[in-house]
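Structure record follows, encoded as structure tokens.
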Amino acid sequence: MFTIFAQYPTFLVFLAIVLAIAFTIVLMPAWIKLLKSSHIGQQVRADGPESHLVKQGTPTMGGVIMLVAVVAVALLVGKPTAETFALVGATVLTGALGLIDDASKVVKERSLGLTPKAKLVGQFLIATVFCLVAVNWLHVAPTVEIPFVYTFDLGVLTTVVPVGDGIAIPWLYLAFVDILLVGLCNAVNLTDGLDGLAAGTVMIVMIVMAAIAYRSDMLEPAIFGAALAGACIGFLWFNSFPADIFMGDTGSLALGMSLGCLAVLTKSEFIVLIIGGLFVAEALSVMIQVLYYKKTKKRIFLMAPLHHHFEKKGWSETKVVVRFWIISGVLAATGFSLYFAETLMAVA
């Protein structure tokens, strides 16, 4: 639709942000109204902070509109390339998994939806298919690079299945990508616990991922990342404290998966752990809390994930959110600086 601007790739990236914001802001009010009339609301965890009990019943599944905006913009602004379809496919499938989880919570009227095992199986299947598509059809090398240190060849243990022209299965790289994508998927999901926290931090991270894709001469992934950032900005209009709607697992799981997929395509699998360092910290806080409690029956954090710990220390919800945005910005800038410096050195 916007092929007339093909010679202005920077304009297309910024256009993707603007259109995704517009689509989200225009469509979200009707979606909120529909959810309210259908009595579809958030089920708050009983063991969470007492201040969150007032959020019971707030409309959820706002991620549906975010995904609609992202898919529409990615296909309208960008070209329908294999990279675009791979990114859209993985994101939408993960969003569908989250939608089933959200719907299950609403029907059962409790804060737990699908079983953890069911969600993990679905996430691993999506991550596995994406990895095989990336390696075999998108020509992604099965390597992981630590800037200025070393590049690990994880394709040394590869099996070729005699189907068609042959399907290569790089077992070590596949295991790494599965853990990375599923880990980011759940890390963003854990971060989605305060009004505006996940949307704001993902917005920052996606802007940087779009810049990395653009720097790598990958326009379609850059447009996709920009659309995700724009959808988060538009969603923040309704999700800022006090939230009118939550993104639900539909949004948070899909955003985490899309972040990991962008990292694989742009070969920034290690750097994404720095750029998305806040998500990593949130996930680690839960793992550390659970393991330490099982061993000692004591808690390291007042409450996990990490953002609840600071709430328990007396920080207001908005203070936690804004400070976590700042931390996310610093980490994202640090990661991009490492990437940019490494690419400059490679050229030199």
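Residues T201 and T191 form a side-chain contact, since some pair of their non-hydrogen atoms from C-beta on lies under 4.5 Å apart. A heavy-atom distance below 4.5 Å is not found between the side chains of E342 and I271. Between I169 and V160, every side-chain heavy-atom pair lies at or beyond the 4.5 Å cut-off. L93 is not listed as a side-chain neighbour of M257, based on a closest heavy-atom distance of 4.5 Å or more. Using a 4.5 Å heavy-atom cutoff, the side chains of Q123 and L181 are not in contact. Between E282 and F324, the closest side-chain pair of non-hydrogen atoms falls below 4.5 Å. At least one side-chain heavy atom of V88 sits less than 4.5 Å from a side-chain heavy atom of T84. Put simply, the side chain of I126 does not reach to within 4.5 Å of the side chain of V182, judged on heavy atoms.
Of the inter-residue distances, the one linking S268 atom OG with I212 atom CD1 reads 4.5 Å to the nearest 0.5 angstrom. Between I100 atom CD1 and D102 atom CG the span is 10.5 Å, to the nearest 0.5 Å. A distance of 13.5 Å separates CE of M247 from CD1 of I65, quoted to the nearest 0.5 Å. The line from CG of L67 to OG1 of T24 is 9.5 Å long, rounded to the nearest 0.5 Å. In this structure, the separation between CD1 on I223 and CD on E83 is 12.0 Å, given to the nearest 0.5 Å. With values rounded to the nearest 0.5 angstrom, D195 atom CG is found 4.5 Å from E317 atom CD.
Evaluation of the salt bridge (charged side-chain N to carboxylate O under 4.0 Å, His left out) test over residues 156-172, restricted to residues two or more places apart or in two chains, returns none. Among residue pairs with one or both ends in residues 319-330, none qualify as side chain to side chain donor-acceptor pair (under 3.5 Å); sequence neighbours excluded.
Formation of a donor-acceptor pair under 3.5 Å by the S38 side chain with backbone atoms of L35 is not found in this model. A side-chain donor-acceptor contact under 3.5 Å links S285 to the backbone of L306. Remark: the backbone N or O of K79 is paired with a side-chain donor or acceptor of E220 at under 3.5 angstrom.
Nearest heavy-atom pair, A227 versus V73, reported as atom, atom and distance to 0.1 Å: CB-CG1, 3.8 Å. For I207 against A229, the heavy-atom pair with the smallest separation is CG1-CB, 3.7 Å. Shortest non-hydrogen contact noted between A187 and A283 is CB-CB, 4.0 Å. The nearest pair of heavy atoms linking C232 to M203 is CB-CB, 3.8 Å. The minimum heavy-atom distance between L265 and P221, with the atom names listed, is CD1-CG, 4.4 Å. Smallest separation of non-hydrogen atoms from L172 and L154: CB-O, 3.5 Å.
L255 and L190 are members of different hydrophobic clusters when ILVMFWY side chains are connected at heavy-atom separations under 4.5 Å. Transitive grouping of hydrophobic side chains (ILVMFWY, heavy atoms separated by less than 4.5 Å) keeps V71 and L253 in distinct clusters. At a threshold of 4.5 Å between side-chain heavy atoms, the hydrophobic network of Ile, Leu, Val, Met, Phe, Trp and Tyr places I146 and L273 in one connected group. By the rule that hydrophobic residues join a cluster once side-chain heavy atoms approach within less than 4.5 Å of another member, L302 and Y292 end up as members of separate clusters. Tracing side-chain contacts under 4.5 Å through hydrophobic residues (I, L, V, M, F, W, Y), one reaches L99 starting from L34; they form part of the same cluster.
For CH2 of W315, the number of neighbouring non-hydrogen atoms (other residues, nucleotides, ligands) closer than 6.0 Å is greater than 12. At most 12 non-hydrogen atoms from other residues, nucleotides or ligands lie less than 6.0 angstrom from OH of Y150.
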For a side-chain hydrogen bond (donor to acceptor under 3.5 Å, both in side chains) check, start with the C-alpha distance between T266 and Y214, then their side-chain angles and the critical distance, and finish with the verdict.
CA-CA 9 Å; T266 57; Y214 190 84; over 6 Å; no

Q. Is there a side-chain contact (heavy atoms from CB on, under 4.5 Å) between I275 and L331 once you walk through the steps?
A. CA-CA 5 Å; I275 294 172; L331 290 171; over 6 Å; no

side-chain contact (heavy atoms from CB on, under 4.5 Å) between Y339 and S216: does it pass, once the steps are laid out?
CA-CA 10 Å; Y339 171 84; S216 304; 2.5 Å; yes

| query | Are F301 and V286 close enough, and set up right, to give a side-chain contact (heavy atoms from CB on, under 4.5 Å), and what steps lead you there? | reply | CA-CA 9 Å; F301 304 104; V286 173; over 6 Å; no

- Message: I'd like to know whether K312 forms a side-chain contact (heavy atoms from CB on, under 4.5 Å) with M303, so could you lay out the CA-CA distance, the side-chain angles of the two residues, the decisive distance to 0.1 Å, and finally the verdict.
- Response: CA-CA 7 Å; K312 288 288 188 179; M303 189 175 181; 3.7 Å; yes

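In the model, T334 has no side-chain atom that pairs as donor or acceptor with a side-chain atom of S337 under 3.5 Å. A donor-acceptor contact under 3.5 angstrom links the side chains of W171 and T159, judged on distance only.
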Would you list the atom pairs, donor with acceptor, under 3.5 Å between side chains in residues 233-241 and any protein atom, with sequence neighbours excluded?
from : atom 1 : to   : atom 2 : distance (Å)
N239 : OD1    : G196 : N      : 2.8
N239 : ND2    : I245 : O      : 2.8
S240 : OG     : L236 : O      : 3.4

For residues 128-144, dump all side-chain donor-acceptor pairs below 3.5 Å to protein atoms at least two apart in sequence or in another chain.
from : atom 1 : to   : atom 2 : distance (Å)
T128 : OG1    : F124 : O      : 2.7
T128 : OG1    : D178 : OD1    : 3.3
T128 : OG1    : D178 : OD2    : 2.9
N136 : OD1    : A168 : N      : 2.7
N136 : ND2    : L132 : O      : 2.8
N136 : ND2    : A168 : O      : 2.9

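T296 meets the side-chain hydrogen bond (donor to acceptor under 3.5 Å, both in side chains) test with no other residue; sequence neighbours excluded. Not counting sequence neighbours, the partners of E269 by the salt bridge (charged side-chain N to carboxylate O under 4.0 Å, His left out) test are K267.
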